[in-house]
Amino acid sequence: MRFETLAIHAGERPDRTFGAVSVPIYQTSTFVFEDVGKTRGYDYSRTSNPTRKVLEDTVAQLEGGKAGFAFATGMAAEATVIHLLKPGDHIVSGDDVYGGTYRLFQNVMQDFGLEFTFVRMDNRARIEDAIRPNTRMLWLETPSNPLLNIVDVEMVVDIARRHDILTVADNTFATPYFLRPIEYGVDLVVHSTTKYLNGHCDVVGGAVVTTTDKLTERIQFLLNAMGTCASPFDCWLVLRGIETLAVRMKQHEENALAVANYLKEHPLVKKVFYPGLDSHLGYEIARRQMKGFGGVVSFEARGSIESVNTFLRRLKVFSLAESLGGVASLAEHPATMSHASMPKDYREKVGITAELVRLSVGLENVDDLIDDLRQALEPG
Ligand SMILES: *Cc1c(COP(=O)(O)O)cnc(C)c1O
């Protein structure tokens, strides 16, 4: 079955008991045993839950992986994955990963004996130079947040395989509709389902997709041991969101490209970051490895931080809010919002300046979005 069909039919649907077409929300903590020592497939919802299972199977199939797991948040998914490692292990991570990922690595996991090196993943030699004898994991995010840098997934996997290192791809921005990292050999995919997979800004959630029995067994063990799983109701919301993922992503992209093209001609805009523009550094790689370029556009404004603030305050259709991937357009200021957890000098080193604005281009009429940007850029 093809992507759009899987998004609607993957997993056990209609349900086994009464044939409900909408996946039932099994809002239960525990399950009655059939007999002593014999379950009907489920015993306790931390371990597994039928609603969660349908979501997990769906995400796994969309990514082309072995098994899927649903978590309470994207960060819960990441925290669980990082527990595959042991004190003394070293991780090479992209240097402009999601701010919360950076914080988890740098301010939490480092205290538990993990070592991290952050590098720009656009250059083979640079990645290879970062690898040490104790490197166990390569962590990539493409397109990255908020600069939309593109990582050549095949290249990173090639490096990792030569050194017997596990690769993890955060596929939140692209979604499996545009990019399937497992096809390029990635071992684990992580998601913040909060974003495009759910798509309606009404849930926080995460997911992991595995590619081997060994990883599946270990992630299931960690999820249960750490209790990082998602609730049945949240799983149901994400499942409902995924049913329309394909049509949403197509329209997000169409709107984003129009917004990027508008911004790049604007005199008050210094630079536009969108991988679908042929001026973007990663354009050729993105075109090769992705089916589309996604719905996030960042830009650097000309002028002062005050003019950026004025712009953000004047927006009417775009809401000033963190997060992305929902049907409603959002604008945010990475330096003070999504990436405030990165130290200022580090932020500036990777290119997240005070004049950078990130737009999550939603599904409103694109002319209304462009009109909104125009009136906010040109007050008076
Ligand atoms: C939002 C986000 C996360 C974290 O997910 P939460 O659901 O907010 O915990 C991780 N990676 C990326 C790329 C994100 O955008």
Side-chain angles (χ1 to χ4, degrees), residues 55 59 63 68-82 91 93-109 118 121 137 139-151 153 168-179 181 186 188-209 223 226-231 233-235 237-238 241-242 249 252 256 273 275 290 293-298 321-326 330-334 337-342 350 352 356 358-362:
L55 172 60
V59 177
E63 287 285 0
F69 296 95
F71 294 87
T73 64
M75 291 318 302
E78 296 191 11
T80 306
V81 165
I82 211 74
I91 297 96
S93 164
D95 68 351
D96 61 341
V97 289
Y98 174 68
T101 304
Y102 177 83
R103 178 174 53 195
L104 171 71
F105 291 172
Q106 193 73 357
N107 303 347
V108 182
M109 298 317 298
F118 297 91
M121 291 214 168
M137 188 178 275
W139 190 288
L140 68 95
E141 194 182 309
T142 184
S144 69
N145 181 4
L147 293 167
L148 291 316
N149 287 315
I150 298 294
V151 177
V153 181
V168 182
D170 184 335
N171 202 26
T172 300
F173 267 50
T175 82
Y177 184 68
F178 284 139
L179 173 67
V186 159
L188 287 160
V189 167
V190 302
H191 274 284
S192 169
T193 56
T194 310
K195 315 294 165 56
Y196 288 108
L197 291 193
N198 179 60
H200 295 76
C201 291
D202 51 12
V203 96
V204 285
V208 171
V209 177
L223 174 150
M226 295 170 70
T228 41
C229 56
S231 79
F233 183 58
D234 286 355
C235 290
L237 283 170
V238 178
I242 287 176
M249 292 317 291
H252 277 299
F273 302 85
M290 298 171 79
F293 304 104
V296 178
V297 178
S298 295
E322 286 181 3
S323 200
L324 58 106
L330 304 176
E332 71 111 12
H333 184 230
M337 295 168 69
S338 62
H339 288 67
S341 55
M342 274 184 180
V350 301
I352 304 170
L356 188 76
R358 187 188 75 192
L359 303 175
S360 172
V361 181

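Start at 1 and go down the list; that is how both ligands and their atoms are numbered. We number each residue from 1, following the sequence as shown. Because only heavy atoms are used, hydrogens play no part in the values below, and waters and symmetry mates are left out as well, while side chains stay in.
Residue contact check for ligand 1: Ala77 places no non-hydrogen atom closer than 4.0 Å to it. For His191, the closest heavy-atom approach to ligand 1 does not fall below 4.0 Å. The shell of residues lying under 4.0 angstrom from ligand 1, judged by heavy atoms, excludes Val204.
For Asp95 against Met342, the heavy-atom pair with the smallest separation is O-CE, 4.2 Å. When every heavy atom of Met75 is checked against every heavy atom of Gly100, the shortest pair comes out as CE-O, 3.2 Å.
With hydrogens left out, the protein atom closest to atom 10 (C) of ligand 1 is Glu78 OE2, 3.3 Å, a heavy atom. Of the protein's non-hydrogen atoms, Thr194 OG1, 2.7 Å is the one closest to atom 7 (O) of ligand 1.
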Under the side chain to side chain contact (heavy atoms under 4.5 Å, CB included) criterion, do Glu78 and Asp170 qualify, and how do the steps go?
CA-CA 9 Å; Glu78 296 191 11; Asp170 184 335; 3.4 Å; yes
Steps toward side chain to side chain contact (heavy atoms under 4.5 Å, CB included) verdict (Phe69, Thr228):
CA-CA 10 Å; Phe69 296 95; Thr228 41; over 6 Å; no
Going through the checks in order, is the side chain to side chain contact (heavy atoms under 4.5 Å, CB included) test met by Cys201 and Leu330?
CA-CA 10 Å; Cys201 291; Leu330 304 176; 4.3 Å; yes
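Ligand 1 places these atoms under 4.0 Å from at least one heavy atom of Asp170: 10 (C), 11 (N), 12 (C), 13 (C). Each of the atoms 15 (O) of ligand 1 lies under 4.0 Å from some heavy atom of Phe173. Near Thr73, the atoms of ligand 1 lying under 4.0 angstrom from a non-hydrogen atom of the residue are 7 (O), 9 (O). Which parts of ligand 1 touch Gly205 is read off a 4.0 Å heavy-atom cut-off, strictly below it: atoms 7 (O). Of all atoms in ligand 1, listed by their number and element, those nearer than 4.0 Å to a heavy atom of Asn145 are 15 (O). Residue contact check: Ser192 has heavy atoms under 4.0 Å from atoms 1 (C), 2 (C), 3 (C), 4 (C), 5 (O), 6 (P), 7 (O) of ligand 1.
Looking at Gly74 next to ligand 1, an N or O pair under 3.5 Å apart turns up. Every N/O-N/O distance between Thr101 and ligand 1 stays at or above 3.5 Å.
Across the listed options Glu141, Glu322, Met75, Lys195, Lys195 owns the non-hydrogen atom lying nearest to atom 1 (C) of ligand 1. Looking at Tyr98, Tyr196, Phe71, it is Tyr98 that brings a heavy atom closest to atom 8 (O) of ligand 1.
Between Lys195 atom NZ and Asn145 atom CG the span is 7.0 Å, to the nearest 0.5 Å. Note: Glu141 CD to Tyr98 OH = 9.5 Å, rounded to the nearest 0.5 Å. With rounding to the nearest 0.5 angstrom, the OG1 atom of Thr193 is 7.5 Å from the CD1 atom of Ile242.
At distances below 3.5 Å, at least one donor-acceptor pair connects side-chain atoms of Thr142 with backbone N or O atoms of Val151.
Between Phe105 and Trp139, the angle of the ring planes goes over 60°, which puts this pair in the perpendicular group of the 30/60° scheme.
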